[in-house]
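Each ligand, and each atom within it, is numbered from 1 in the order the structure gives. Just so it is clear, the model here is predicted, and its values are computed rather than measured. Reckoned from all heavy atoms, side chains included, excluding hydrogens, waters and symmetry mates.
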Amino acid sequence: MTGHPDENVIGPTANEFRDALGHFATGITVITAMDDEGPVGLAANSFTSVSLDPPLVLFCPAKTSSSWPRIERANSFAVNILDDAQEEVCRVFATPGEDRFSKVAWHLSPSGSPLLDDVHAFLDCVLHEVHDGGDHWIVVGRVIDLGIEADAGPLLYYRGQYGRLGE
Ligand SMILES: Cc1cc2nc3c(=O)[nH]c(=O)nc-3n(C[C@H](O)[C@H](O)[C@H](O)COP(=O)(O)O)c2cc1C
């Protein structure tokens, strides 16, 4: 660490922090929900498991996310875990201004959240708790249903690049 340009501030610079975090390899999810305006969703790699009993998971939407207020109103959401053929799906759900759900095939889960077709696995959740996380929210969901397809490999994300297992 080279230190913050303002020596009164303890901690890394934003660039150092981003670069270090990029060294943590993740999968990629698309978080989806349905409100009275229709389906909504965004790409997120901040997903992780939290608790086995009860079954809890979390993701962190930026406080600037336009999808998050609608997901919060819906009070439930689905975690779509992308497979290694779905890089383009990730791009669609990470691009502002896209008509995202016109670009992908999807259907409704029994609880009413949109599920993207052909994902690696999905978790259907009800909103459990929302915590403050700096410039993001920490959103905890309780898993009420799930499905595993996994006939391909997972889509990975590492140092700003998409990757596949074995590459
Ligand atoms: C691989 C990848 C991971 C991302 N992870 C997150 C995330 O965890 N939280 C987040 O708020 N945005 C994340 N983003 C950015 C959002 O997908 C992007 O800003 C999107 O346009 C937000 O849409 P919204 O404003 O409709 O919520 C990620 C983007 C990519 C490409």
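For the pair F93/L42, no side-chain contact is recorded, criterion being any heavy-atom separation below 4.5 Å from C-beta on.
If you look at F93 next to ligand 1, the close heavy atoms, those under 4.0 Å, all belong to the backbone.
Residue W68 has no N or O atom closer than 3.5 Å to an N or O atom of ligand 1. On a distance-only criterion, S67 and ligand 1 share at least one N/O pair closer than 3.5 Å. In terms of polar-atom proximity, C60 is counted as a contact of ligand 1, with an N or O under 3.5 Å from an N or O of the ligand. Between A62 and ligand 1, an N or O atom pair is found at a separation short of 3.5 Å. Where the criterion is an N or O separation shorter than 3.5 Å, residue side chain and backbone included, G41 fails it with respect to ligand 1.
The closest protein non-hydrogen atom to atom 8 (O) of ligand 1 is S46 OG, 2.6 Å. With hydrogens left out, the protein atom closest to atom 5 (N) of ligand 1 is N45 N, 3.0 Å, a heavy atom.
A 6.0 Å sphere centred on CZ of F17 holds no more than 12 heavy atoms belonging to other residues, nucleotides or ligands. Counted within 6.0 Å of CG on L21, heavy atoms from surrounding residues, nucleotides or ligands total more than 12; the atom is thus considered enclosed. Other residues, nucleotides and ligands contribute over 12 non-hydrogen atoms within 6.0 Å of the CG atom of L165.
Ion pairing between a basic and an acidic side chain is recognised when a charged N comes within 4.0 Å of a carboxylate O; D135 and K63 show no such pairing. For the pair R164 and D83, the salt-bridge criterion is not met [side-chain N within less than 4.0 Å of a carboxylate O].
Closest heavy-atom approach to atom 12 (N) of ligand 1 within the set P61, A43, S65: this belongs to A43. The option with the heavy atom closest to atom 19 (O) of ligand 1, from among G97, G160, G27, A94, is A94. Evaluated by nearest non-hydrogen atom to atom 21 (O) of ligand 1, the leading choice among Q161, R100, H136 is R100.
Those atoms of ligand 1 with a heavy atom of S66 less than 4.0 angstrom away are 24 (P), 25 (O), 26 (O), 27 (O). Interface of Y157 with ligand 1, defined as ligand atoms under 4.0 Å from a residue heavy atom, comprises 1 (C).
Y162 pairs by the ring pair (Phe, Tyr, Trp, His ring centres under 6.0 Å) definition with Y157, not counting sequence neighbours.
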